[in-house]
Amino acid sequence: MTVAYLGLGANLGDARQTLKDAVVCLAQQRTVAVLGKSSLYRTAPVDAGGDDYFNCVVKIDTSLAARELLALCHQIEHHFGRERPYRNAPRTLDLDILLFGDHSIDEPDLIVPHPRLTDRAFVLVPLVEIDPSLAIPARGRADAFLASVAGQRIEKVQTCQCMMQKTPSDANADKNRCR
């Protein structure tokens, strides 16, 4: 079994719901156990046009080899309608292997750690949220790169709690915030 981190992003359709559904889809795979999921973040597109993205990072444990995990990611993207008309095109779902254990892989269609991992707030912030002391192979601690992405717009998406779990006074305080 190998612990891996996947970056998920989407900016077409109901992107928030797609990310939630994609995490469920991953969790339903017999070769994958979801160990953790970051908060959902809204970010500006980087090197691309289109609407804002919703992003999160998922920590998994998998029996798959890296190339098999990549094939599974592409299969899930296809299931959610991913098309690749051109580089950095808007997308219904993007799944990237960010880290795969302590492996370093440099192949034409698979580079791990992800080559832009330390340059993108939409990946780095949720990654550090899941594991604040995470070390990136051959690069150092992930949190050491946060200052370099501080200028990129990223905001944590507020999620609503089920009102049945709250007292009436808590629900009244929250009803105007969660819309």
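Note that the structure is predicted; figures quoted are calculated from it, not measured.
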Shortest non-hydrogen contact between [X] and [Y], atoms and distance:
X: Cys56; Y: Ser39; value: CB-O, 3.6 Å
X: Glu77; Y: Leu93; value: CG-O, 3.7 Å
X: Leu99; Y: Pro113; value: CD2-CB, 3.6 Å
X: Phe145; Y: Arg139; value: CZ-O, 3.5 Å
X: Tyr53; Y: Gly9; value: CD2-C, 4.3 Å

- Walk me through it: do Phe54 and Asn11 pass the test side-chain contact (heavy atoms from CB on, under 4.5 Å)? CA-CA 6 Å; Phe54 287 93; Asn11 75 334; over 6 Å; no
Distance-only, no hydrogens or angles: does the [X] side chain make a donor-acceptor pair with backbone N or O of [Y] under 3.5 Å?
X: Asp52; Y: Arg42; result: no
X: Arg141; Y: Pro132; result: yes
X: Thr62; Y: Thr2; result: no

- Message: Tell me whether Leu110 shares a hydrophobic cluster with Ile76, the cluster being built from Ile, Leu, Val, Met, Phe, Trp, Tyr side chains joined at under 4.5 Å.
- Response: yes
- Message: For residues Val57 and Ile97: do they belong to one hydrophobic cluster (side chain heavy atoms under 4.5 Å, members Ile, Leu, Val, Met, Phe, Trp, Tyr)?
- Response: no
- Would you check, one step at a time, whether the test side-chain hydrogen bond (donor to acceptor under 3.5 Å, both in side chains) holds for Thr43 with Gln152? CA-CA 8 Å; Thr43 62; Gln152 296 175 25; over 6 Å; no
- Task: Output all residues satisfying side-chain contact (heavy atoms from CB on, under 4.5 Å) with Lys59, sequence neighbours left out; order by chain, then residue number.
- Result: Val3, Tyr5, Leu35, Ile130, Asp131
- Can you name the one residue among Asp14, Val24, Leu40 that meets side chain to side chain contact (heavy atoms under 4.5 Å, CB included) with Leu19? Leu40
- Which is it for Leu98 and Leu6 under the side-chain contact (heavy atoms from CB on, under 4.5 Å) test, yes or no, and what are the steps along the way? CA-CA 5 Å; Leu98 305 175; Leu6 305 178; 5.8 Å; no
- Query: What distance separates Leu26 CG from Leu95 CG, expressed to the nearest 0.5 Å?
  - Reply: 6.0 Å
- Salt-bridge criterion met for Asp94 and Arg91 (N-O under 4.0 Å): yes
- Message: I need the full list of ring-ring contact (aromatic ring centres under 6.0 Å, His included) pairs touching residues 100-120, with sequence neighbours left out, sorted by first then second residue.
- Response: Phe100-His103
- Message: Other residues, nucleotides and ligands only: do more than 12 of their heavy atoms fall within 6.0 Å of NE2 on His74?
- Response: yes
